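No hydrogens, no waters, no symmetry mates; every other heavy atom, side chains included, goes into these values. Chain naming here is simple, since letters A, B, ... match the order of the sequence lines and numbering starts at 1 in each. Owing to the predicted nature of the structure, the values given are computational and were not obtained by experimental measurement.
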There are 2 protein chains.
Amino acid sequence: MNNVHFLCAEINYMGSKERKTREKEELKALILKAARKLFVEKGIGQTTIRNIADSIDYSIGTVYVYFRDKNEILHALHTQGFVDLGGQLKILFSVTDPMERLKAMGKVYTNYALDYPEMYDLMFTLKAPIEFLETIQKDEWDEGKASFDVLRTTAKQCMDAGHFKGHKLEPLCFLIWSCLHGMCSLEIGSRTQNANIKNAETIVADAYDEFLKILNNL
Amino acid sequence: MNNVHFLCAEINYMGSKERKTREKEELKALILKAARKLFVEKGIGQTTIRNIADSIDYSIGTVYVYFRDKNEILHALHTQGFVDLGGQLKILFSVTDPMERLKAMGKVYTNYALDYPEMYDLMFTLKAPIEFLETIQKDEWDEGKASFDVLRTTAKQCMDAGHFKGHKLEPLCFLIWSCLHGMCSLEIGSRTQNANIKNAETIVADAYDEFLKILNNL
DNA sequence: CAAAGAAAATGAACATTGTTCATTTTTGCA
DNA sequence: TGCAAAAATGAACAATGTTCATTTTCTTTG
């Protein structure tokens with residue numbers, strides 16, 4: 001192999017290499033899209049790798065070429081969920097009054113949870129995506145961070161505006177998050193339906209009203 | 001068969017029948033005890049029917065003689081969990097001041113959750129025990145009811161004592177439950193560890209303090 | 001354009017787990 | 001002791017995640 005051939009080869013190789021990379025990412029995205037669709041439609045527990053492969057006319061093996069295991073798929077969608085929800089929350093920075101923004105954030109959060117319960121479970125309940133983080137030696141969770149930052153920043157502005165007197169920022173943020181998460185989680189997990197709660201159909205909305213009343217006095 | 005024989009047979013039969021019934025219930029309880037031990041030790045998802053059978057030196061088949069499927073085992077332990085936690089909560093009626101009792105109940109609740117995370121998941125997060133309820137056409141959840149009643153009764157007494165002005169009992173109870181559940185659920189699901197929360201190690205305790213401050217002003 | 005080498009895709013096969021059920025073992029009673 | 005009912009058994013099946021040797025497709029080169 002002389003220099004000229006070597007260079008040509010290099011150039012061609014690089015060009016197709018980039019196209020290949022793009023094609024690989026497209027297929028990876030296709031798998032994720034199919035997985036997400038099935039998860040939302042029939043539930044994560046009811047969706048198999050075979051289902052996913054079938055739905056895009058690829059073989060089981062191909063899925064494993066692009067993802068090391070099911071947990072990696074779950075983790076990728078976990079990330080997607082945070083990008084989605086985080087994006088919706090960030091838009092609310094257009095609301096200048098931090099208290100109003102905080103209330104709007106709560107509404108967006110609970111709406112997302114109740115509209116996409118499987119995605120919500122994946123993001124905040126299931127162990128799988130967290131276990132995946134552990135297998136790749138990563139103990140951070142960038143997208144979760146970003147969403148919590150949005151809450152923290154807003155709560156901080158509320159404090160600067162004179163609210164939340166006598167409270168500590170970080171624990172109060174976690175408490176607010178816990179309130180919202182708790183309502184959504186119990187609702188999604190069907191714990192409101194059978195616990196003899198009156199007006200179970202509207203309990204989340206009703207409790208959110210109580211939440212707002214309390215917030216208004218903090 | 002004459003009358004005398006018939007009577008003797010009846011008497012003997014009834015005696016051994018009762019003993020049999022008792023023995024069956026003992027084995028059922030033994031299976032549950034073994035299952036619970038394994039669940040607590042290595043997690044529900046990591047425990048198989050074979051594990052359970054092995055640990056009490058019975059065969060797989062025997063487990064299925066006593067329980068129709070894994071969900072029935074999960075449901076039985078779900079019930080046990082509520083009996084346990086409900087019992088701990090009921091003891092607190094010895095605290096006469098309802099506000100103090102309410103705070104103590106929250107402490108007992110979160111302690112239970114963090115001490116027995118697998119049991120807590122079973123009681124408040126996992127779908128399996130709820131799915132079992134559906135398969136047997138039962139949409140009630142007696143033990144959950146009882147525990148919520150304890151909360152409702154206490155909150156009602158708080159109201160009668162002049163607290164929670166302007167709030168509605170039922171939604172407020174659910175909100176309080178959601179706060180506690182949210183904190184426990186996020187902690188158990190490792191959502192506090194990787195979300196860039198400051199002092200993640202103490203965040204539940206710290207947030208519980210904020211919760212108490214808010215409660216004191218309601 | 002054809003051949004060779006690289007990359008991608010495949011699906012048969014395996015391990016695990018929940019579950020079933022025909023068979024075996026044990027038990028209670030005459 | 002022998003028989004019938006009850007209890008226990010574990011082999012076998014189905015579903016699912018996963019692996020990997022093989023096949024197919026693509027890219028490069030002469």
Side-chain angles (χ1 to χ4, degrees), chain A residues 1-28 30-31 35 38-39 42-54 56-75 128 131-132 135, chain B residues 1-28 30-31 35 38-39 42-54 56-75 128 131-132 135:
Chain A
M1 188 190 287
N2 60 36
N3 271 347
V4 176
H5 283 147
F6 177 74
L7 283 171
C8 287
E10 268 295 290
I11 290 160
N12 289 336
Y13 182 66
M14 290 300 282
S16 65
K17 186 183 179 185
E18 276 155 18
R19 181 169 52 76
K20 276 286 157 162
T21 305
R22 184 170 44 76
E23 280 176 3
K24 279 176 79 168
E25 279 177 11
E26 280 170 3
L27 182 45
K28 197 162 182 174
L30 181 65
I31 293 169
L38 289 170
F39 288 167
K42 48 186 259 181
I44 293 172
Q46 282 62 54
T47 301
T48 69
I49 303 287
R50 281 168 181 79
N51 293 155
I52 298 168
D54 285 352
I56 53 174
D57 285 311
Y58 276 90
S59 70
I60 310 158
T62 304
V63 175
Y64 280 90
V65 171
Y66 290 84
F67 296 92
R68 73 158 64 166
D69 57 19
K70 199 179 184 184
N71 278 3
E72 185 171 356
I73 296 177
L74 292 175
H75 177 259
E131 281 165 6
F132 179 75
T135 66
Chain B
M1 189 192 288
N2 61 35
N3 271 348
V4 175
H5 282 147
F6 178 74
L7 283 172
C8 286
E10 267 296 291
I11 289 161
N12 288 336
Y13 183 66
M14 291 299 281
S16 66
K17 186 184 180 184
E18 277 156 16
R19 181 170 52 77
K20 277 286 155 162
T21 304
R22 184 169 46 77
E23 281 176 3
K24 280 175 77 167
E25 282 178 7
E26 280 169 3
L27 183 44
K28 198 163 182 174
L30 182 65
I31 293 170
L38 290 170
F39 288 169
K42 48 186 257 181
I44 292 171
Q46 282 62 53
T47 301
T48 70
I49 303 288
R50 281 168 181 79
N51 292 156
I52 298 168
D54 285 351
I56 54 173
D57 286 311
Y58 276 91
S59 70
I60 310 159
T62 304
V63 174
Y64 280 89
V65 171
Y66 291 83
F67 296 93
R68 72 157 65 166
D69 57 18
K70 198 179 184 182
N71 278 4
E72 185 171 356
I73 296 178
L74 291 176
H75 177 259
E131 281 166 5
F132 179 76
T135 65

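- Residues forming a ring pair (Phe, Tyr, Trp, His ring centres under 6.0 Å) with F132(B) (at least two apart in sequence, or on another chain): H75(B).
- Using a 4.0 Å cut-off, some side-chain N or O of Y64(A) falls inside it from OP1 or OP2 of dT18(D).
- In this structure T47(B) satisfies the side-chain hydrogen bond (donor to acceptor under 3.5 Å, both in side chains) test with no other residue, sequence neighbours excluded.
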List, with names and distances, any nitrogen or oxygen atoms from the protein found under 3.5 Å away from nitrogen or oxygen atoms belonging to nucleotides 7-9 of chain D.
residue: dA8(D); atom: OP2; partner: Y66(B); partner atom: OH; Å: 2.5
residue: dT9(D); atom: OP2; partner: S59(B); partner atom: N; Å: 3.0
residue: dT9(D); atom: OP2; partner: S59(B); partner atom: OG; Å: 3.3
residue: dT9(D); atom: OP2; partner: T62(B); partner atom: OG1; Å: 2.5
residue: dT9(D); atom: O5'; partner: S59(B); partner atom: OG; Å: 3.4

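- Contacts of L30(A) classified as side-chain contact (heavy atoms from CB on, under 4.5 Å), with partners at least two apart in sequence or in another chain: L27(A), I56(A), Y58(A).
- Regarding F132(B), its CZ atom lies at a distance of 11 Å from the P atom of dT19(C), rounded to whole Å.
- Taking atom CD of E72(B) as the reference point, atom P of dT19(C) lies 11 Å away to the nearest angstrom.
- Among K28(A), R22(A), K24(A), the one residue that satisfies the side chain to side chain contact (heavy atoms under 4.5 Å, CB included) test with E26(A) is R22(A).
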What N/O pairs connect the protein and nucleotides 21-23 of chain D at under 3.5 Å? Give each pair on its own line.
none

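- Under the side-chain hydrogen bond (donor to acceptor under 3.5 Å, both in side chains) criterion, E23(A) pairs with R19(A), sequence neighbours left out.
- Applying the side-chain hydrogen bond (donor to acceptor under 3.5 Å, both in side chains) test to T135(B) and every residue at least two apart in sequence or in another chain returns nothing.
- Contacts with DNA chain D (heavy atom under 4.0 Å) in residues 44-54 of chain A: T47(A), T48(A), I49(A), R50(A), listed by number.
- In terms of the side-chain hydrogen bond (donor to acceptor under 3.5 Å, both in side chains) criterion, residue partners of K42(A) (sequence neighbours excluded) are, by chain and number, N51(A).
- Summarising the geometry, atom CG belonging to D54(A) is positioned 7.5 Å from atom CD1 belonging to I60(A); distances are rounded to the nearest 0.5 Å.
- Sorted by first and then second residue, the side-chain hydrogen bond (donor to acceptor under 3.5 Å, both in side chains) pairs with a member in residues 64-74 of chain B form an empty list; sequence neighbours excluded.
- Scanning both residues, I49(A) and V63(A), for their nearest heavy atoms gives CG2-CG1, 3.9 Å.
- One interatomic measurement links the two molecules: CD of E23(A) to P of dT25(D), which rounds to 15 Å at whole-angstrom precision.
- Atom P of nucleotide dT16(D) and atom CG of L38(A) are separated by 13 Å, given to the nearest angstrom.
- Rounded to whole Å, the distance from NZ on K70(A) to P on dA15(D) is 15 Å.
- Rounding to the nearest 0.5 Å gives a distance of 4.5 Å between CZ of F39(B) and CD1 of I52(B).
- What separates CG of D69(A) from C1' of dT18(D) is a distance of 9 Å, to the nearest Å.
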